[in-house]
S.K.: 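For reference, the structure I am asking about is given below.
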Amino acid sequence: VWQREQLRERALEPLMRDVELPLVHVLREMELAGVRLDVARLQVITERVRGEIRDLEEDIFRLAGTEFVIGSPQQLGEVLFNGLGLSRKRRGKTGFSTDARVLQAIRGEHEIIPVIERWRELNQLDKTYFSVLPQLVDGESRIHTTFLQAVATTGRLASTNPNMQNVPIRTDLGREIRGCFEAAPGAVLLSADYSQIELRVLAHVADEPVLKDVFVRGEDVHTATASQVFQTPADQLTLGQRSRAKMINYGIVYGLTDFGLADRLDIPREEAKAIIDAYLDRFPGIRAYIEGTIERATEAGHVTTLWGRRRQIPELKARNWQVRTLGERLAVNTPIQGTAADVLKLAMIRCHRALSGSGVRLILTVHDELLFEGAPHDVEAARAIVEREMVGVWEHDPPLAVDVGVGRTWLEAK
DNA sequence: CAAACTTGCCAC
DNA sequence: AAACGTGGCAAGTTTG
Ligand SMILES: Nc1nc2c(ncn2[C@H]2C[C@H](O)[C@@H](COP(=O)(O)OP(=O)(O)OP(=O)(O)O)O2)c(=O)[nH]1
Ligand SMILES: [Mn+2]
Ligand SMILES: [Mn+2]
């Protein structure tokens, strides 16, 4: 009863009625549908990778001069920092960190480091995907995730058992794994992913003229940042570089410091500061939006999305500096990430309705992407419908845009 | 011995 | 870890 009263008081009834409740059935059907996994293809990759892991282990033990549990950060730190005397960077609660950014920073100090980095990549994918996914398929070789509708504080969905929202794609091996998810025999997949979604939401809520203009012109901010930071012509950029630029673009908006950027890019702090300053100077409305949002959130004690989703931010009242600045970053991030979540949920409902009886069904959702499955002819017809429904959720400036692809596998469709 | 915590890392 | 955000998962280690 008190929950219902709170819903009314906080004007959340439209969100509940028009978004969350209709979404339940859409999610249920997606979970039942599942997505097909090519187990044989995955098996071939698995055997090849496990062979390489064994070779890497031998190399690591030889270079270290001792055998140890590579997967134990404690033992690895002992070998690297005491045994080999390599430089220590950050330290955690238990000892000196050995994470990927530390290894990147000391890569030149010893030939064992690149081998460990490779072992980490392969071993992580082995234990998380190769060892787990084949056990989860049903009689039709399909995997059924569970979507969590009320876990993420911003309104995003989460996915569990297995998490289908963090299937690898960024490395070559990751792309091979992504390529193991496929359509049913005779069918194809259609992937539709919003272009630069949170930057578009930001351009609107911050009313940032330069950023709006970028989207009106049809330009790509991630590519532009990559080109600037990596000093490379736009048409020569790799997917990896654009992906790094994405991290930079969102990082800066949500409070990334020169220290943090320098660490992530492995560059001097001054260079990192120059990148951040250039970014915020180019889009002056972002600075103003950040400051205004923090001020209003501190006053109100909460923030809301465009559809009225609300998050209390008690951290803003903290006297502890660490907690309070966390609250400031939450105040900026939540309305934007949350608005993008609202958009996707509405798009799911609209697409589900528009495609009922079409032979094309929604099978996955990944924060700003929808994945559909159907016969090639039906999917071709669905293409325009999906794009129209996804773009049509948003009646603001700048408009949203969607990248659509079709293929046999999830990798090919992207 | 299992639960809880820590570290590290995948995705968006 | 000092200070982009949202998640889930596996393994090692500590705790009870
Ligand atoms: N704070 C933060 N948000 C991120 C990060 N990566 C992705 N996101 C959020 C913001 C994105 O708009 C949203 C969807 O991710 P995508 O990979 O689809 O990127 P985006 O839509 O910006 O670009 P795209 O044109 O699809 O390649 O997820 C990140 O590193 N930090
Ligand atoms: Mn996107
Ligand atoms: Mn996406």
Side-chain angles (χ1 to χ4, degrees), chain A residues 68-77 88-103 105 116-117 119-133 136 145-148 151-171 173-175 177-178 193-194 196-198 202 243 246-264 269 272 276 279 290 303 311 313 315 320-338 340-341 344 364-369 410 414:
Chain A
F68 62 101
V69 180
I70 308 169
S72 159
Q74 199 177 77
Q75 295 182 38
L76 181 64
R88 308 154 190 225
K89 303 288 176 184
R90 309 188 307 272
R91 63 170 313 145
K93 296 181 178 176
T94 58
F96 291 94
S97 171
T98 68
D99 71 18
R101 275 147 63 189
V102 169
L103 296 186
I116 292 170
E117 289 179 297
W119 181 90
R120 279 258 177 90
E121 180 196 348
L122 300 191
N123 192 59
Q124 201 267 142
L125 295 177
D126 181 23
K127 71 190 196 203
T128 309
Y129 299 97
F130 301 146
S131 306
V132 176
L133 289 180
L136 295 177
T145 185
T146 301
F147 289 105
L148 307 175
V151 169
T153 50
T154 56
R156 273 189 174 188
L157 295 168
S159 158
T160 182
N161 192 20
N163 182 355
M164 286 299 297
Q165 297 186 321
N166 72 341
V167 175
I169 194 171
R170 293 181 185 173
T171 66
L173 180 56
R175 295 171 67 82
I177 295 175
R178 184 71 72 116
D193 185 307
Y194 284 108
Q196 310 170 77
I197 177 73
E198 286 183 30
L202 171 66
S243 172
K246 199 181 283 187
M247 177 272 291
I248 297 170
N249 285 332
Y250 290 114
I252 292 175
V253 175
Y254 300 133
L256 185 63
T257 61
D258 55 358
F259 199 105
L261 183 59
D263 186 28
R264 285 171 175 80
R269 219 168 136 172
I276 294 171
Y279 183 95
I290 290 172
V303 292
R311 177 177 181 177
I313 308 189
E315 289 89 346
N320 180 305
W321 177 87
Q322 201 170 324
V323 176
R324 195 173 60 252
T325 54
L326 170 64
E328 295 176 355
R329 295 190 298 278
L330 297 180
V332 177
N333 174 264
T334 300
I336 298 171
Q337 187 181 121
L344 189 78
L364 271 186
T365 169
V366 191
H367 307 307
D368 76 331
E369 173 188 3
W410 194 3
K414 283 229 75 166

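Basis for what follows: all heavy atoms, side chains included, without hydrogens, waters or symmetry-related copies.
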S.K.: Considering Watson-Crick and G-U wobble pairs with both distances under 3.5 Å, what does dG7(C) pair with?
M.R.: dC10(B)
S.K.: Check whether any side-chain nitrogen or oxygen of R329(A) sits under 4.0 Å from OP1 or OP2 of dG5(C), and answer yes or no.
M.R.: yes
S.K.: Any side-chain heavy atom of E198(A) within less than 4.5 Å of one from V253(A)?
M.R.: no
S.K.: Looking at P335(A) and V303(A), what are the two nearest heavy atoms and their distance?
M.R.: CG-CB, 3.9 Å
S.K.: Using a cut-off of strictly less than 4.0 Å, decide whether T98(A) has a side-chain nitrogen or oxygen near OP1 or OP2 of dG8(B).
M.R.: yes
S.K.: When we call it a touch if two heavy atoms are under 4.0 Å apart, what does R324(A) touch: a base, just sugar-phosphate, or nothing?
M.R.: nothing
S.K.: Over all strands shown, is I197(A) touching base, sugar-phosphate only, or nothing at heavy-atom distances under 4.0 angstrom?
M.R.: nothing
S.K.: Output the single nucleotide from dC12(B), dC9(B), dG7(C) whose closest atom is nearest the side chain of T153(A).
M.R.: dG7(C)
S.K.: Under 4.0 Å, counting only non-hydrogen atoms across every strand here, what does E121(A) touch: a base, just sugar-phosphate, or nothing?
M.R.: nothing
S.K.: Looking across every strand, which nucleic acid part, if any, lies under 4.0 Å from L326(A) by heavy atom: base, sugar-phosphate, or nothing?
M.R.: sugar-phosphate
S.K.: In this structure, how many angstroms lie between the P atom of dC10(B) and the CZ atom of F130(A), rounded?
M.R.: 13 Å
S.K.: Of the options dA11(B), dA10(C), dT6(C), whose atoms approach the side-chain atoms of R170(A) most closely?
M.R.: dA11(B)
S.K.: NA contact type, R269(A), heavy-atom cut-off 4.0 Å: base, sugar-phosphate, or nothing?
M.R.: nothing
S.K.: Scan A100(A) against the nucleic acid and name what it touches under 4.0 Å (heavy atoms): base, sugar-phosphate only, or nothing.
M.R.: sugar-phosphate
S.K.: Whole Å only: how far is the CG atom of L122(A) from the P atom of dA10(C)?
M.R.: 18 Å
S.K.: Report the distance from atom CD of E198(A) to atom C1' of dG7(C), rounded to the nearest whole Å.
M.R.: 13 Å
S.K.: With a 4.0 Å cut-off on heavy atoms, is L330(A) in touch with a base, just the backbone sugar-phosphate, or nothing at all?
M.R.: sugar-phosphate
S.K.: NA contact type, E369(A), heavy-atom cut-off 4.0 Å: base, sugar-phosphate, or nothing?
M.R.: nothing
S.K.: Taking all heavy atoms of T160(A) and all of T145(A), pick out the closest pair and write down the distance.
M.R.: O-OG1, 3.1 Å
S.K.: Classify the nucleic acid contact of D263(A) as base, sugar-phosphate or nothing, counting any heavy atom under 4.0 Å across all strands shown.
M.R.: base
S.K.: Under 4.0 Å between a side-chain N or O of R90(A) and OP1 or OP2 of dA2(C)?
M.R.: no
S.K.: Just compare dT6(C), dC10(B), dG5(C) and give me whichever is closest to any side-chain atom of A152(A).
M.R.: dT6(C)
S.K.: Please check the phosphate of dA10(C) (OP1 and OP2 only) for any side-chain N or O of S131(A) closer than 4.0 Å.
M.R.: no
S.K.: Between V366(A) and W410(A), is any pair of side-chain heavy atoms under 4.5 Å apart?
M.R.: yes
S.K.: Assign T334(A) to base, sugar-phosphate, or nothing according to its heavy-atom contacts below 4.0 angstrom with the strands shown.
M.R.: nothing
S.K.: Can you figure out which of dA11(B), dC9(C), dT6(C) approaches the side chain of N333(A) most closely?
M.R.: dT6(C)
S.K.: Just to be sure I understand the rule, does V332(A) reach a base, reach only the sugar-phosphate, or reach nothing, if contact means heavy atoms closer than 4.0 Å?
M.R.: nothing
S.K.: Looking across every strand, which nucleic acid part, if any, lies under 4.0 Å from L148(A) by heavy atom: base, sugar-phosphate, or nothing?
M.R.: sugar-phosphate
S.K.: If I take atom NZ from residue K89(A) and atom CG from residue L103(A), how far apart are they, to the nearest 0.5 angstrom?
M.R.: 11.5 Å
S.K.: Can you tell me how far P of dT6(C) sits from CE of M164(A), to the nearest Å?
M.R.: 24 Å
S.K.: Using whole Å, report how far CZ of F68(A) lies from P of dT13(C).
M.R.: 12 Å
S.K.: Choosing from dC10(B), dA2(C), dC4(C), which nucleotide comes nearest the side chain of T257(A)?
M.R.: dC4(C)
S.K.: Grab the two heavy atoms, one from R120(A) and one from A100(A), that are nearest each other, plus how far apart they are.
M.R.: NH1-N, 4.3 Å
S.K.: So which nucleotide from dG7(C), dC12(B), dA10(C) ends up closest to the side chain of K127(A)?
M.R.: dA10(C)
S.K.: Quick check: on DNA chain C, is the nucleotide nearest Q124(A) upstream (toward 5') of the one nearest K93(A), or the reverse? Name the residue that is more 5'.
M.R.: K93(A)
S.K.: Please tell me if R120(A) has a side-chain N or O lying less than 4.0 Å from either OP1 or OP2 of dT7(B).
M.R.: no
S.K.: Counting heavy atoms not belonging to R101(A), are there more than 12 under 6.0 Å from its CZ?
M.R.: yes
S.K.: Could you work out which one of dC12(B), dC9(C), dT6(C) sits closest to the side chain of V366(A)?
M.R.: dC12(B)
S.K.: Please confirm whether any donor atom in the side chain of R156(A) sits under 3.5 Å from an acceptor in the base of dC12(B), or the reverse.
M.R.: yes
S.K.: Whole angstroms only, please: what is the CG-P distance between L202(A) and dG5(C)?
M.R.: 16 Å
S.K.: With rounding to whole Å, what would you report as the distance between dA2(C) and dT6(B) at their P atoms?
M.R.: 16 Å
S.K.: Of the nucleotides dT13(C), dC9(B), dA11(B), which one has an atom closest to the side chain of I169(A)?
M.R.: dA11(B)
S.K.: Hey, is the main chain of R90(A) close enough, under 3.5 Å, to the side chain of S97(A) for a donor-acceptor pair?
M.R.: no
S.K.: In this structure, how many angstroms lie between the C1' atom of dG5(C) and the CD1 atom of I336(A), rounded?
M.R.: 10 Å
S.K.: Choosing from dT6(C), dT13(C), dG7(C), which nucleotide comes nearest the side chain of S72(A)?
M.R.: dT13(C)
S.K.: Is Q75(A) touching bases, backbone alone, or none of the nucleic acid, heavy atoms closer than 4.0 Å?
M.R.: sugar-phosphate
S.K.: Quick one: is S97(A) getting a side-chain N or O under 4.0 Å of the dG8(B) phosphate, OP1 or OP2?
M.R.: yes
S.K.: Write down the distance between CG (D99(A)) and C1' (dC10(B)), rounded to a whole number of angstrom.
M.R.: 14 Å
S.K.: For V253(A), report the nucleic acid contact type (base, sugar-phosphate, nothing); a contact means any heavy atom under 4.0 Å.
M.R.: nothing
S.K.: Side chains of H367(A) and Y194(A), heavy atoms from C-beta outward: is any pair under 4.5 Å?
M.R.: no
S.K.: Relative to the 5' end of DNA chain C, which residue comes earlier, P73(A) or T154(A), by the nucleotide with the nearest heavy atom?
M.R.: T154(A)
S.K.: The side chain of K414(A) lies closest to which of these nucleotides: dC4(C), dC12(B), dG7(C)?
M.R.: dC12(B)
